[in-house]
2 protein chains.
Amino acid sequence: MPATIHADANPNGIAHEPECSIAATLEAVGDRWTLLILRDLFRGVHRFEALHRDLGIARNLLTDRLHRLAGLGIVHRVPYQDRPIRHEYRLTTKGADLSPALVALMHWGDRWYAEDGPPTLLIHDACGTPLDQAVSCPECNETVTPHHIRSRPGPGRTIEETL
Amino acid sequence: MPATIHADANPNGIAHEPECSIAATLEAVGDRWTLLILRDLFRGVHRFEALHRDLGIARNLLTDRLHRLAGLGIVHRVPYQDRPIRHEYRLTTKGADLSPALVALMHWGDRWYAEDGPPTLLIHDACGTPLDQAVSCPECNETVTPHHIRSRPGPGRTIEETL
DNA sequence: GCAGTCCGTTGCAAAACGAAACGGACCCGG
DNA sequence: CCGGGTCCGTTTCGTTTTGCAACGGACTGC
């Protein structure tokens with residue numbers, strides 16, 4: 001039996017109730033473009049025009065997504081000139097905190113779709129070594145594979161549907 | 001400056017060319033429902049009717065997504081009865097390999113949207129300890145934060161646009 | 001036969017998306 | 001001052017994707 005990542009039966013409101021954190025996350029960033037926009041922000045592409053060019057996203061959608069991300073506190077608008085007052089978009093702590101998720105998505109793509117090897121390597125700035133990502137047990141000090149991951153209701157679970 | 005997760009300028013074909021593994025991954029599983037379906041598969045919900053009930057997804061979409069996932073080799077259809085021959089959907093290795101991504105997305109939701117604490121805890125089956133996930137450097141034997149992540153073109157990058 | 005289960009399809013309206021034109025605020029060279 | 005060029009949106013409109021709910025098929029069990 002594979003990893004049990006438990007969750008609930010309600011694909012709704014964003015911080016609307018504690019039900020499933022995966023659903024909550026996808027509510028915030030789980031549309032066709034948002035994670036790509038965030039990828040570009042990590043990558044150093046911060047301005048509207050540059051994002052538009054780089055992603056090929058429709059301008060109206062880009063406007064919408066950027067405002068939405070700002071509203072969610074994932075991104076903030078930093079003025080880089082006045083006069084035609086212009087802002088660039090930068091990750092907040094909350095946004096930067098999505099880094100592990102992007103890393104995980106990238107690793108999966110590397111593994112299953114990069115026939116000629118990864119198009120991009122993530123390396124340690126200090127030593128240049130390609131990085132790993134792993135789930136680990138702080139108690140046992142060992143890496144845990146999906147098969148050894150179990151789940152149980154946490155403190156935030158409402159007392160309903162034990163399923 | 002936050003983590004640099006570099007990527008390309010083309011949000012296209014799935015295994016269509018090596019450009020950006022994040023885009024490739026999102027091409028495969030980056031729509032509104034797919035990751036939630038996968039979450040349920042991890043969680044032990046394997047049948048059409050159960051997925052439909054649990055997720056509230058439209059039946060036509062569920063059909064479509066499951067077939068798509070099967071086509072991509074992320075899921076396979078296992079007969080569990082003949083006669084009205086019926087299949088259940090199970091993760092392949094490729095599908096199970098998305099575990100780290102789901103874990104990362106869940107952690108982020110836990111951190112930013114679970115006011116009363118995580119609705120679900122992932123624990124080590126051997127000892128019951130809540131698990132961590134981290135990016136680490138195999139050389140330095142230390143955890144690497146987003147700020148210390150750099151990126152560089154890997155072997156799979158086509159020789160174009162140095163940006 | 002008749003109800004119930006399970007999976008999937010169909011038809012249609014609503015929502016999201018994509019492309020491209022348009023508008024505003026500016027800078028610059030002539 | 002005028003005609004470009006840049007940068008950031010907004011608007012319009014046609015195409016896709018969703019969501020919803022009814023329907024159909026293949027059984028089982030009573």
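Chain naming here is simple, since letters A, B, ... match the order of the sequence lines and numbering starts at 1 in each.
- Here dA25(C) presents its P atom at 18 Å from CD of E49(A), a figure rounded to the nearest Å.
- Between dG9(D) and R77(A), a contact under 4.0 Å exists linking OP1 or OP2 to a side-chain N or O.
- We find that CZ of F48(B) is positioned 13 Å from C1' of dT5(C), with the value rounded to whole Å.
- Within the structure, a side-chain polar atom (N or O) of W33(A) is placed less than 4.0 Å from OP1 or OP2 of dG18(C).
- Nucleotide dT11(D) holds its P atom 16 Å from the CG atom of L62(A), rounded to whole Å.
- Shown here are the salt bridge (Lys or Arg N to Asp or Glu O under 4.0 Å) partners of D31(A), two or more places apart in sequence or in another chain: R65(A).
- The side chain of Y89(A) contributes an N or O atom lying less than 4.0 Å from OP1 or OP2 of dG9(D).
- Rounded to an integer number of Å, the gap from H52(B) NE2 to dA21(D) C1' is 10 Å.
- Among the nucleotides dC20(D), dG9(D), dG8(C), the one closest to the side chain of A58(B) is dC20(D).
- With sequence neighbours excluded, the residues satisfying salt bridge (Lys or Arg N to Asp or Glu O under 4.0 Å) with R111(A) are D97(B).
- Of the possible donor and acceptor atoms, one in the side chain of R150(A) sits under 3.5 Å from a partner among the backbone N and O of H147(A).
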Below 3.5 Å is the cut-off: list the nitrogen or oxygen pairs between protein and nucleotides 11-16 of chain C, distance only.
residue: dG11(C); atom: O6; partner: N60(B); partner atom: ND2; Å: 3.4

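- If you find the closest nucleotide of DNA chain D to D64(B) and to R59(A), the one lying nearer the 5' end belongs to R59(A).
- L55(A) has its CG atom 14 Å from the C1' atom of dG18(C), to the nearest Å.
- Neither OP1 nor OP2 of dT5(C) sits under 4.0 Å from any side-chain N or O of Y80(B).
- For R59(A), the salt bridge (Lys or Arg N to Asp or Glu O under 4.0 Å) partners at least two apart in sequence or on another chain are E49(A).
- Rounded to whole Å, atom C1' of dG8(C) lies 14 Å from atom CD of Q81(B).
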Check: protein-nucleotides 26-30 of chain D nitrogen or oxygen pairs below 3.5 Å:
residue: dA26(D); atom: O3'; partner: R83(B); partner atom: O; Å: 3.1
residue: dC27(D); atom: OP1; partner: R83(B); partner atom: O; Å: 2.6
residue: dC27(D); atom: O5'; partner: R83(B); partner atom: O; Å: 3.4

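- Counted by atom type alone, R157(B) and T120(A) present one or more donor-acceptor pairs between their side chains at under 3.5 Å.
- Not a single donor-acceptor pair under 3.5 Å links the side chain of S21(A) to the backbone N or O of A24(A).
- Listed by chain and number, the residues in a salt bridge (Lys or Arg N to Asp or Glu O under 4.0 Å) with R47(A) are E88(A) (sequence neighbours excluded).
- In this structure, the side chain of H76(B) does not engage the main chain of T92(B) through any donor-acceptor pair within 3.5 Å.
- With values rounded to the nearest 0.5 angstrom, L36(B) atom CG is found 6.0 Å from L55(B) atom CG.
- Taking atom NE2 of residue H46(A) and atom C1' of nucleotide dC8(D), one finds them 17 Å apart after rounding to whole Å.
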